[in-house]
Amino acid sequence: MAVVNKNNRLLVAGLSLSERLAFWLTNLPYWALSADLAERGLLAHACCAAIVAFASTAFHGVVMFGSGTSWYDVLTQRLIVLDIFAANTYGSVLAFGAGFAASLQVFGPALLLLMGSAVLKRRGSPRGYVWLHGMWHILSAYGMWRVLTQFSSHHRA
């Protein structure tokens, strides 16, 4: 985990405060999704989306703004596990409910962005990383919404 935290510190060092803030705000679509689902009465899905929103917002917030604090290493270790677990668990639930093939069509482009962002982070390209990973946040939230609206409208008919 020391390597991950070192990479995170190098990443942040290559970004301005406004770039870090803009990237962090790419988590807002998860929160909007959660609110929309709650408004539509899909409370279990709203809670799941809120957990994904919290995990991603907290993890990336600590990475972007918490470096240099005494609790940074421990907190990032815990939050990255929560972020990955929440996203993969809820993504699996959606894929199971909507079907793997349909889910792959919806989430495929977002997953390519996620993989590309990981490559750019390892190559030391902070702006490329935040651009692609931020787009992952936006497209994956849209993908969740799309799967849920297609799945729920299909069952109402």
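Although no hydrogens or angles enter the test, the distance criterion places a donor-acceptor pair under 3.5 Å between the side chain of Glu19 and the main chain of Ser16. Using modelled atom types, no side-chain atom of Ser56 and backbone atom of Ala53 make a donor-acceptor pair closer than 3.5 Å. With hydrogens and angles ignored, the 3.5 Å screen pairs no side-chain donor or acceptor of Ser125 with any backbone N or O of Lys121. Between the side chain of Thr76 and the main chain of Asp73, a donor-acceptor pair closer than 3.5 Å is present.
Contact check for Tyr72 versus Val62: side-chain heavy atoms found under the 4.5 Å cut-off. Side-chain contact between Trp145 and Pro29 is absent, with no heavy atoms from C-beta onward closer than 4.5 Å. Between Arg127 and Leu120, every side-chain heavy-atom pair lies at or beyond the 4.5 Å cut-off. In this structure the side chain of Phe23 reaches within 4.5 angstrom of the side chain of His137, judged on heavy atoms.
Rounding to the nearest 0.5 Å gives a distance of 15.0 Å between CZ of Phe54 and OH of Tyr30. Between Cys48 atom SG and Leu42 atom CG the span is 11.0 Å, to the nearest 0.5 Å.
A single hydrophobic cluster is not seen to contain both Ile51 and Leu94; linkage of ILVMFWY side chains at heavy-atom distances under 4.5 Å, directly or through other members, places them apart. Val119 and Tyr129 fall into different hydrophobic clusters, where Ile, Leu, Val, Met, Phe, Trp and Tyr are joined by side-chain heavy atoms under 4.5 Å apart, directly or via other members.
The two atoms that bring Ala50 and Ser34 nearest to each other are CB-OG, 3.4 Å, heavy atoms only.
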Task: side chain to side chain contact (heavy atoms under 4.5 Å, CB included) between Thr57 and Trp31, intermediate numbers included - done: CA-CA 9 Å; Thr57 303; Trp31 293 105; 2.9 Å; yes

TODO: May I have the step-by-step check of side chain to side chain contact (heavy atoms under 4.5 Å, CB included) for Val130 and Arg20, ending in yes or no?
DONE: CA-CA 8 Å; Val130 297; Arg20 290 183 285 147; over 6 Å; no

Open item on the list: If you apply the rule side chain to side chain contact (heavy atoms under 4.5 Å, CB included), what do you find for Leu37 with Met144, and how did you get there?
Closed with: CA-CA 11 Å; Leu37 294 171; Met144 288 180 215; over 6 Å; no

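Clustering of Ile, Leu, Val, Met, Phe, Trp and Tyr by side-chain heavy atoms under 4.5 Å joins Leu43 with none of the others.
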Donor-acceptor list for residues 79-92 side chains, cut-off 3.5 Å, not counting sequence neighbours:
unit_1: Asn88; atom_1: ND2; unit_2: Ile84; atom_2: O; d: 3.2
unit_1: Thr89; atom_1: OG1; unit_2: Phe85; atom_2: O; d: 2.7
unit_1: Tyr90; atom_1: OH; unit_2: His45; atom_2: ND1; d: 2.8
unit_1: Ser92; atom_1: OG; unit_2: Asn88; atom_2: O; d: 2.8

Using a 3.5 Å cut-off and no angle test, enumerate the donor-acceptor pairs between side-chain atoms of residues 96-117 and protein atoms at least two apart in sequence or in another chain.
unit_1: Ser103; atom_1: OG; unit_2: Gly99; atom_2: O; d: 2.9
unit_1: Ser117; atom_1: OG; unit_2: Leu114; atom_2: O; d: 2.7
unit_1: Ser117; atom_1: OG; unit_2: His133; atom_2: ND1; d: 3.2

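The side chain to side chain contact (heavy atoms under 4.5 Å, CB included) test with His60 singles out one residue from Leu25, Asn27, Asn8, Thr26, and that residue is Asn27.
Ring geometry, Trp24 versus Phe65: the interplanar angle exceeds 60°, so the pair is classed perpendicular (tilted spans 30 to 60°).
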